There are 2 protein chains.
Amino acid sequence: MNFDALTPEQIDRLSGKLRAAGLRSTRPRLALAHLLFGAGNRHVTAETLHEEARNAGLSVSQATIYNTLNQFLSAGLLSEVIVDHARSYFDTNVTDHHHFFIEDETRLIDIPLDEVALSSLPNAPSGYDLAGVDVVIRLLKAPA
Amino acid sequence: MNFDALTPEQIDRLSGKLRAAGLRSTRPRLALAHLLFGAGNRHVTAETLHEEARNAGLSVSQATIYNTLNQFLSAGLLSEVIVDHARSYFDTNVTDHHHFFIEDETRLIDIPLDEVALSSLPNAPSGYDLAGVDVVIRLLKAPA
DNA sequence: TGTCCACTTTAGAATTGTTCTAATCTACTT
DNA sequence: AAGTAGATTAGAACAATTCTAAAGTGGACA
Ligand SMILES: [Mn+2]
Ligand SMILES: [Mn+2]
Ligand SMILES: [Zn+2]
Ligand SMILES: [Zn+2]
C-alpha cells in the first residue's frame, strides 16, 4: 500500500480511531482502516477485503485480515451481518439499520432504520434480554 | 428406530408426504420424517437431528442426515433459517414467519407473522424481485 | 536514541460444518 | 424375480475460519 497516498491528516485520523479503540496503530491496520473507513459505508467479507488490499499493493496475510476484522468488530468499529452461512459479512455501518441481501450477487445494501416501520414486536420471553432486531429483505435478480 | 411405534396410518401419512414431494419412501427418510413432522413445529440442525435419530435407535449416517435435510428443503418440506454462521438451522414450519434467536443457547423460537407488524418496507431496487423478508430478534439470557 | 517487551503479524497446520466420491444397497417397475 | 434408477454409506475432500508458535514491530521509557 502506498502510504504517500494518505495525507498526514488521514493518518492521524485513522491512528486516532485505532487508539481510541484500544488498538495499536500498525501498518496493516492503518491500511485496512483506510480501505474500510476511507469512503462511505461498506460491506466486506474477509476475501473481498483481502483482494482489495492486494490490489492496493498491500501485502497482508489472510490471518491478519481475519484478526483485524475480528478486532475491529470487538472494538465496535465494525458490525457483522449474518445472511449467508457460507461467509461472514462485516459492515462499517455500526448504527442500527437493516439490509437488502441480493442472493445472486452475495451483495448487501443498507436500509436506513426509518425505512422499515416495525410498529409492533412481540415481547421477549421472560428471562431474556433483547440483543438486537435484524431485518433482511432477500432479493433475486428479476427474470429477463 | 422401532417401526412398531408407528401405526400403519402414520406410515401411510409420512409415505404420502414423501411421495407427494417426489421422494421415494425409504426407511431412513420415513424415520427422519417421523422425527421431524411427528409432533409440532421444530427447528433442528444436522447435528441435533443426528443425535435424536441415534437416541431413537436409528442407525443413519451423517451423509444421509445432510442429504435428507437438503432434499426435504428442496422439496419444500422444510425451510432454512440463517441466524448463525456456525450451523444451518432447518425449520419444519414452512409458512412465512419470524424468529427469536437465543444466542446463548443456539435455540430458535417461532414468531407468528401477525405478531410482527412490518407496516412499511422499502421498495426493492429496480431489477430485483422480493424473495423473502426475515426478521430475527436476537436475545441473550438476562443477567441474574 | 537505543532497549525492551507486550502486542502484532505470519505461514502453515488444525478445525469444523458441509459436500463429494464411488461402492453397495434397495424401492419400485416390469 | 430381475433389472434399474435412485438412496445410503464410509470416508475423503472441501472451504471458511481459527489456532500455533515463531519472527517482527510499536511505542514506553531510560
Ligand atoms: Mn464471527
Ligand atoms: Mn444450505
Ligand atoms: Zn449495513
Ligand atoms: Zn421457525
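Every chain is numbered from 1 and lettered A, B, ... according to where its sequence line falls, protein lines coming before strand lines. Here the structure is a predicted model, which means the values were calculated and not measured.
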Notebook entry, point to check: C:dG17 phosphate, OP1 or OP2: any side-chain N/O from B:S88 under 4.0 angstrom?
Noted result: no
Note to self: Without decimals, in angstroms, what is the distance between A:L58 CG and C:dT9 P?
What the structure shows: 10 Å
Notebook entry, point to check: Excluding sequence neighbours, so at least two apart, what forms salt bridge (Lys or Arg N to Asp or Glu O under 4.0 Å) with A:R138?
Noted result: A:E103, B:D134
Note to self: Tell me the interatomic distance from A:H50, atom NE2, to D:dA15, atom P, rounded to whole angstroms.
What the structure shows: 17 Å
Check: Among all residues two or more places apart in sequence or in another chain, which pass the ring pair (Phe, Tyr, Trp, His ring centres under 6.0 Å) test with B:Y66?
Finding: none
Item checked: Steps toward side chain to side chain donor-acceptor pair (under 3.5 Å) verdict (B:E80, A:H85) -> CA-CA 11 Å; B:E80 194 172 9; A:H85 41 205; 3.2 Å; yes
Next item on the list: Report the distance from atom CG of B:D84 to atom P of D:dT17, rounded to the nearest whole Å.
Entry: 13 Å
Item checked: nucleotides 5-10 of chain D: protein proximity per nucleotide (B base, S sugar-phosphate only, - neither; heavy atom, under 4.0 Å) -> BSSSBB
Next item on the list: Assign A:S25 to base, sugar-phosphate, or nothing according to its heavy-atom contacts below 4.0 angstrom with the strands shown.
Entry: sugar-phosphate
Note to self: Looking at B:F37, I'd like to know if the NZ or CZ of B:K17 sits under 6.0 Å from its six-membered ring centre while staying within 45 degrees of the ring's axis.
What the structure shows: yes
Check: ring pair (Phe, Tyr, Trp, His ring centres under 6.0 Å) with A:Y89: which residues, sequence neighbours excluded?
Finding: A:F101
Next item on the list: Grab the CZ-P distance between B:R87 and D:dT17 for me, whole Å please.
Entry: 15 Å
Next item on the list: Mind calculating the distance between CG (B:L69) and P (C:dT19) to the nearest angstrom?
Entry: 10 Å
Note to self: Does a side-chain N or O of B:Y66 approach OP1 or OP2 of C:dT19 to a distance below 4.0 Å, or not?
What the structure shows: no
Next item on the list: Would you kindly give the CG-to-C1' distance between B:L73 and C:dT18, to the nearest whole Å?
Entry: 14 Å
Item checked: Partners meeting side chain to side chain contact (heavy atoms under 4.5 Å, CB included) with B:N41 (sequence neighbours left out) -> B:T92, B:N93, B:D110
Next item on the list: Take the protein atom CD of A:E80 and the nucleotide atom C1' of D:dA16, then report the distance between them rounded to whole Å.
Entry: 13 Å
Check: Taking CG from A:L30 and C1' from D:dT25, how many angstroms apart are they, rounded to a whole number?
Finding: 13 Å
Margin query: Tell me every residue that passes ring pair (Phe, Tyr, Trp, His ring centres under 6.0 Å) with B:H97, counting only those two or more places apart in sequence or in another chain.
Written below: B:H99
Check: Taking the nucleotide of DNA chain C with the closest heavy atom to each, which residue, B:R19 or B:E47, is nearer the 5' end?
Finding: B:E47
